[in-house]
Amino acid sequence: DVFTYLEDSEDQEKIINALSDKELREVLDELYLDDTVDIIEDMPANMVSRILRNTDASTRSQINQLLKYPEDSAGSIMTTEFVDLKETMTVEDALKRIRRTGPDKETINVCYVIDDWRHLIGVLSIRTLLLAEEDDIIGDIMERNYICVQTLDDQEETARALGKYDFLALPVVDTENRLVGIVTVDDAIDVLQ
């Protein structure tokens with residue numbers, strides 16, 4: 001937690017240099033993906049390659065994807081660590097999925113409902129989920145009217161939208177309405193500051 005809040009990338013670089021590869025992997029495993037990307041953006045090339053070398057293939061792929069978005073876009077500040085559900089799941093199945101995958105996600109307050117092609121089709125608050133019957137179907141209790149942003153939308157407008165609607169997170173979709181990430185309120189505050 002402290003590592004992500006260090007203001008000076010030189011301090012982060014000094015710490016990374018002092019860590020063994022094993023220790024660096026442990027630190028990186030504890031960071032949320034969007035925080036890792038923020039750190040990488042401010043590092044020299046040799047440090048970036050060391051960080052990438054110490055992440056698994058899946059994480060490396062996600063980092064590279066996030067680094068491709070323009071610096072001032074919603075895609076550049078989003079995280080890919082969110083809970084997604086299928087509309088055909090029961091509440092019981094959804095809760096099992098949240099328990100299994102939730103500890104590694106940045107937030108579980110809102111879950112995102114997708115179809116088989118990863119198109120965003122609804123959102124569901126954890127409150128609604130907890131108050132539903134176990135055999136209720138997600139597609140029947142989810143909210144089909146939702147607000148989302150696109151990857152190339154301006155990050156300041158995205159941050160203001162979070163504040164305007166008083167959300168803790170906003171889903172981010174690509175041009176084909178496929179869910180690719182979320183922007184959380186903490187990242188929005190960083191943008192506005």
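- Leu162 is not listed as a side-chain neighbour of Asp187, based on a closest heavy-atom distance of 4.5 Å or more.
- Residues passing the side-chain contact (heavy atoms from CB on, under 4.5 Å) test with Lys164: none are found, sequence neighbours excluded.
- Taking 4.5 Å as the limit, every side-chain heavy atom of Ser125 sits out of range of all side-chain heavy atoms of Asn109.
- Scanning both residues, Val183 and Ala74, for their nearest heavy atoms gives CG2-O, 3.9 Å.
- A distance of 10.0 Å separates CG in Asp190 from CD in Gln155, rounded to the nearest 0.5 Å.
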Chi angles and distances behind the side chain to side chain contact (heavy atoms under 4.5 Å, CB included) call for Leu31, Ile39
CA-CA 10 Å; Leu31 294 177; Ile39 291 165; 3.8 Å; yes
CA sep, side-chain torsions, deciding dist, call: Leu19, Asn17, side chain to side chain contact (heavy atoms under 4.5 Å, CB included):
CA-CA 6 Å; Leu19 297 173; Asn17 278 327; over 6 Å; no
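- Under a 4.5 Å side-chain heavy-atom cut-off, the cluster of Ile, Leu, Val, Met, Phe, Trp and Tyr residues that includes Tyr32 has no other member.
- Around CD of Glu23, the count of heavy atoms belonging to other residues, nucleotides or ligands within 6.0 Å exceeds 12.
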Side chain to side chain contact (heavy atoms under 4.5 Å, CB included), that's the test. Do Thr36 and Leu28 meet it? Break it down for me.
CA-CA 7 Å; Thr36 304; Leu28 293 171; 4.2 Å; yes
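- Across all their heavy atoms, Gly181 and Leu179 have their closest contact at O-CD1, 3.5 Å.
- Every pair tested for salt bridge (charged side-chain N to carboxylate O under 4.0 Å, His left out) that includes a residue from residues 67-82 fails, sequence neighbours excluded, so the list is empty.
- When side chains are defined from C-beta on, Leu124 does not count as touching Val110, because their heavy atoms never get closer than 4.5 Å.
- Residue pairs meeting the salt bridge (charged side-chain N to carboxylate O under 4.0 Å, His left out) criterion with at least one partner in residues 82-104, sequence neighbours excluded, are Asp84-Arg97, Asp84-Arg118, Lys86-Asp116, Glu87-Arg144, Glu92-Lys96.
- Shown here is Glu26, whose CD atom has more than 12 heavy atoms of other residues, nucleotides or ligands within 6.0 Å.
- Side chains of Leu130 and Leu95 form a contact here, defined as non-hydrogen atoms less than 4.5 Å apart.
- Minimum interatomic distance between Lys105 and Ile108 (heavy atoms only, all atoms of both residues): CB-CG2, 4.2 Å.
- Side chain of Asn54 to backbone of Ile51: no donor-acceptor contact under 3.5 angstrom is found.
- The number of heavy-atom neighbours closer than 6.0 Å to CG of Asp21, taken from other residues, nucleotides and ligands shown, is above 12.
- Thr151 is linked by a side chain to side chain donor-acceptor pair (under 3.5 Å) to nothing, counting only residues two or more places apart in sequence or in another chain.
- Legend: ring-ring contact (aromatic ring centres under 6.0 Å, His included) pairs involving residues 87-107, not counting sequence neighbours: none detected.
- Pairs of residues two or more places apart, or lying in two chains, that qualify as salt bridge (charged side-chain N to carboxylate O under 4.0 Å, His left out) and include a residue from residues 167-180 are Asp174-Arg178, Glu176-Arg178.
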Could you check Ile77 against Asp34 for side chain to side chain contact (heavy atoms under 4.5 Å, CB included), going step by step and ending with a plain yes or no?
CA-CA 7 Å; Ile77 59 169; Asp34 58 328; over 6 Å; no
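- Under the 4.5 Å side-chain heavy-atom criterion for grouping Ile, Leu, Val, Met, Phe, Trp and Tyr, Ile182 is not connected to Leu192 through any hydrophobic cluster.
- Screening residues 92-114 for ring-ring contact (aromatic ring centres under 6.0 Å, His included), with sequence neighbours left out, gives no hits.
- For residues 65-90, the set of pairs meeting the ring-ring contact (aromatic ring centres under 6.0 Å, His included) definition, not counting sequence neighbours, is empty.
- Two residues are said to be in side-chain contact when any heavy atoms from C-beta on lie closer than 4.5 Å; Ile126 and Ile98 meet this criterion.
- Under the 3.5 Å distance criterion, the side-chain polar atoms of Asn177 are matched with a main-chain donor or acceptor of Leu120.
- Residues near Val2 contribute nothing to a hydrophobic cluster around it, because no ILVMFWY side-chain heavy atom sits closer than 4.5 Å to its side chain.
- Taking hydrophobic clusters as Ile, Leu, Val, Met, Phe, Trp and Tyr residues chained together by side-chain heavy-atom distances below 4.5 Å, Ile121 shares a cluster with Met89.
- You'll find the side chain of Leu24 reaches within 4.5 Å of the side chain of Ile16, heavy atoms only.
- Two different hydrophobic clusters hold Val123 and Leu129 under the rule that ILVMFWY side chains link at heavy-atom gaps under 4.5 Å.
- One hydrophobic cluster holds both Val180 and Ile63 under the rule that ILVMFWY side chains link at heavy-atom gaps under 4.5 Å.
- Proximity of Thr158 to Leu170: side-chain heavy atoms (C-beta onward) are separated by under 4.5 Å at one or more points.
- The side chain to side chain donor-acceptor pair (under 3.5 Å) test applied to Glu143 returns no partner, not counting sequence neighbours.
- Residue Asp140 holds its CG atom at 11.5 Å from OG1 of Thr90, rounded to the nearest 0.5 Å.
- Listed by first and then second residue, the ring-ring contact (aromatic ring centres under 6.0 Å, His included) pairs that reach into residues 140-178 are Tyr165-Phe167, sequence neighbours excluded.
- Inter-residue side-chain proximity for Glu133 and Val91 is flagged as unmet; no heavy-atom pair is nearer than 4.5 Å.
- Val149 and Ile189 fall into different hydrophobic clusters, defined by Ile, Leu, Val, Met, Phe, Trp and Tyr side-chain heavy atoms under 4.5 Å apart, directly or through other members.
- The minimum heavy-atom distance linking Pro70 with Ser73 is given by the pair O-OG, 2.7 Å.
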